[in-house]
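The block underneath contains the structure these notes are about, expressed in structure tokens.
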Amino acid sequence: MMNQEAENLLKSKCGKEDYEKLKAIDNPAAERFIAEAVEICNPDDIFICSDSPDEIAYIRHKAIAGEEEKAALETPGHTYHLDGPRDQGRDRENTKFLVPEDDSLSKALEQTDRKPGLEEVKGLLRDSMEGRTMIVRFLTLGPPDSEFTIPCLECTDSWYVAHCVDLLYRTGYETFLKTDPDREIFKTLHSAGELDENMVSKNPEDKRIYIDYKKNNVYSVNTQYAGNSVGFKKLALRLAIRKAHREGWLAEHFMIMGVEGPGDRKTYLAGGFPSACGKTSTAMLPGENILADDISYVRNIDGVCRGANIESGVLGILQDVSPEDDPLIWEVLHEPGEIIFTNVLIRDAKPWWLGMGRELPEEGINYTGEWWEGKTNENGEEVKPSHKNARYAMALEALPNCDPELHNPEGVELEGIFFGGRDYQGYVPIQQGYDWSHGIIAYGAALETETTFATIEEEGQYEINMMSIQDFVSIPLGEYLENYLDFGARLERTPPVFGANYFLKDSETGDFLNAIRDKHVWVKWMELRVHDDVGAIKSPTGLLPKYEDLRKLFSQVLDKDYPREGYKKQFTIRVPQNLKKVERVKKFYREEAKDVPDKLFEVLNNQKNRLQKSQEKYGDYIPPSKFE
């Protein structure tokens, strides 16, 4: 229970109605956290949202009235929000785990000592809400009243953030009313900090996003970018990973899609891709259903691998969304409906972004203020009209292909899992693991990618991104991998694991070997493989598609001829590059992780041996026909 001092503090900040809404929730941890947030941030008043339609409409109104969002767009329901120039992506350097004295995490993870870290972030939050309202939102991760449900709450002084969570998450006030008082909950405290005349966070140099996993708390200050301020995106994922590890399930950076197969069959596939590597565009392929685009929980329910979307909305990247390549999302983005655009170019009451397949205006408004062609920043670098990490936020059910099982409390059976990164030189576009361990290690734990614009670090650096989730793993990497392997071993029906790579380049010309829409064929091939409807070729790195099967799929899915020479280029095993990849992965786990299961090195060494034997027999570059 709260002490009298905390109760008096809440009474003094809440109106009678808001206080009654808060007191109706019997959750001491929630009450204590809100009281602490009020004591630290010193808001003028508190708005407790109980999820009524009027309250949710009020939040949207306040976001616009306070000019955190602007409704100056011609399409009804569309608004836009602009973050500061130094607040355009997830901030790795300033996003840290708060590690207690008696614990340790992988050296690969950003971290700081818990006690001084808490003092620092609470110091930055001190009196940050003076003159403002603290908005308290109650939400659920996962469908309510299910094995997947985790209740959560966010305290924020940003009406924009409070509006975002309406589009991205399921409301949770009713869940909190009936949940067990001792139930574990996730909690976030966010303040945009001091704002400038454009309602933008003024002190990005003091940006901090700290995760106190000991208490399931997230603290975020001096930032508005949704990936840093909406606590239930990747921030709460870090907390869920620890909970999943304790309880034997998986919290993953997964999209889930329902793929149509022969005879009206629908097969659910989950895919793990780092940001800007094709995950959302895969999940939104025309003719298929999308159930999740970003974060999913995966559980063993009666021996079956089942997954659920913990969110109910999409925070998607806009760059390269065009009517030719992404017809479904393009159509929705141009129809009336509630959508928040962020960090786009605004001109003629329309949002504009890079790669939209249209000639962009020569001037307008963007995240740097007035923009004109040729404008440069303080470093003399050209400012693009729209940021490469420009986003849209909207409810998933706005999509015509939203899967009807989105809110199923039992989730859906995952019949296949695939991982994809940015590998310009090594892996083929699609392949299947020999078994669960091989697929999880060779494609998931060995996932490599190029640093992208979804983070604020320098682009073009290559790195291991384990299961596409490495930035968020809040337990030792070896323990995380062990949990993955054990999870598969306990399943009665184990889904096959695939490796995707949309970014393979021609070693001679440097051109991409995949067309943008080829991914639809790879997805259809996986669906057929799940049901053993097509065969495969055993190669040193996995099971490869047969040419005739792909030729048929290219014709059926894309109405496109698929030349045998193209197949040969895409599925030639590049032995030298793959051997180097094996060594890079082994080096990473030897140096950056601890307590790595022996199985990882066993699987990688076996792959190395297969590659070397094939090299001795066929040479450095081996076309798939040699393995038939």
**Prompt:** What pairs with Phe33 under ring-ring contact (aromatic ring centres under 6.0 Å, His included), at least two apart in sequence or on another chain?
**Reply:**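 Expected list: none.
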Checking the side chain of [X] only, and the main-chain atoms of [Y] only, is there a donor and an acceptor separated by less than 3.5 Å?
X	Y	answer
His438	Tyr434	yes
Ser474	Arg238	yes
Arg170	Leu139	no
Lys524	Glu260	yes
Ser296	Met255	no
Asn501	Asp423	yes
Thr149	Ser146	yes

**Asked** Step by step, would you call His531 with Glu415 a side-chain contact (heavy atoms from CB on, under 4.5 Å)?
**Response** CA-CA 9 Å; His531 300 282; Glu415 297 188 76; 3.5 Å; yes
In Å, rounded to the nearest 0.5 Å, how long is the span from [atom1] of [X] to [atom2] of [Y]?
X	Y	atom1	atom2	answer
Ile469	His253	CD1	NE2	7.5 Å
Asp294	Lys279	CG	NZ	4.0 Å
Lys626	Ile537	NZ	CD1	13.0 Å
Trp525	Asp533	CH2	CG	12.0 Å
Tyr173	Leu153	OH	CG	12.5 Å
Leu235	Ser229	CG	OG	8.5 Å

Side chains of [X] and [Y], donor plus acceptor under 3.5 Å:
X	Y	value
Lys594	Ser104	yes
Lys233	Asn228	no
Asn94	Asp91	yes
Glu288	Asn401	no
Gln431	Thr541	yes
His245	Glu479	yes
Thr267	Glu527	yes

In terms of ring plane angle, is the pair [X] and [Y] parallel, tilted or perpendicular, where the classes change at 30° and 60°?
X	Y	answer
Trp522	Phe571	perpendicular
Phe254	Phe419	tilted
Tyr480	Tyr484	perpendicular

**Message:** How about CD1 on Ile516, more than 12 heavy atoms from neighbouring residues, nucleotides or ligands closer than 6.0 Å, or not?
**Reply:** no
**Message:** Just checking Asp598: does its CG atom have more than 12 heavy atoms from other residues, nucleotides or ligands closer to it than 6.0 angstrom?
**Reply:** no
Given side chains that start at C-beta, do those of [X] and [Y] come closer than 4.5 Å, heavy atoms only?
X	Y	result
Asp212	Leu118	yes
Asp518	Phe554	yes
Phe186	Ile150	yes
Glu31	Ile25	no
Asn309	Phe148	no
Val473	Ile475	yes
Gln607	Pro540	no
Leu611	Ile573	yes

**Request:** Please name the pair of heavy atoms, one in Tyr213 and one in Leu98, separated by the smallest distance, quoted to 0.1 Å.
**Result:**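 Looks like CE2-O, 3.5 Å.
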**Item:** Minimal non-hydrogen separation, Cys402 against Leu396, with atom names
**Value:**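 Distance-wise, the nearest heavy atoms are CB-O, 3.5 Å.
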**Message:** With side-chain contact (heavy atoms from CB on, under 4.5 Å) as the criterion, how do Lys580 and Gln577 come out once you've worked through the C-alpha distance, each side chain's angles and the decisive distance to 0.1 Å?
**Reply:** CA-CA 5 Å; Lys580 289 179 181 177; Gln577 290 87 342; 5.8 Å; no
**Prompt:** Is there any ring pair (Phe, Tyr, Trp, His ring centres under 6.0 Å) pair reaching into residues 263-292, and which pairs are they, with sequence neighbours excluded?
**Reply:** Phe273-Phe418, Phe273-Tyr502
**Request:** Answer yes or no: is there an ion pair linking Lys243 with Glu247, defined by an N-O contact shorter than 4.0 Å?
**Result:** yes
**Asked** Can a salt bridge be assigned to the pair Glu591 and Lys587 using a cut-off of 4.0 Å between side-chain N and carboxylate O?
**Response**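 Salt bridge between Glu591 and Lys587, a charged N being under 4.0 Å from a carboxylate O: yes.
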**Request:** Go through the steps for Tyr219 and Tyr210 under the test ring-ring contact (aromatic ring centres under 6.0 Å, His included), then give the verdict.
**Result:** CA-CA 5 Å; Tyr219 299 95; Tyr210 284 178; 8.6 Å; no
**Message:** Using ring centroids (six-membered ring only for Trp), state whether Trp249 and Tyr297 fall under 6.0 Å.
**Reply:**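 Yes, they do, as the ring centres are separated by less than 6.0 Å.
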**Item:** Residues in salt bridge (Lys or Arg N to Asp or Glu O under 4.0 Å) contact with Asp51, at least two apart in sequence or another chain
**Value:**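 Listed in chain order: Arg137.
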**Request:** Test salt bridge (charged side-chain N to carboxylate O under 4.0 Å, His left out) on Asp103 and Arg242 and set out the steps.
**Result:** CA-CA 13 Å; Asp103 198 8; Arg242 293 184 69 85; 3.8 Å; yes
**Prompt:** Only one of Glu448, Glu592, Glu463 forms a salt bridge (charged side-chain N to carboxylate O under 4.0 Å, His left out) with Arg584, so which one is it?
**Reply:** Glu448
**Prompt:** Under the criterion salt bridge (charged side-chain N to carboxylate O under 4.0 Å, His left out), which of Arg299, Arg306, Lys266, Arg493 is the partner of Glu413?
**Reply:**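 Exactly one candidate clears the test, Arg493.
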**Request:** Walk me through it: do Lys586 and Asn605 pass the test side chain to side chain donor-acceptor pair (under 3.5 Å)?
**Result:** CA-CA 9 Å; Lys586 287 164 59 178; Asn605 285 329; 2.8 Å; yes
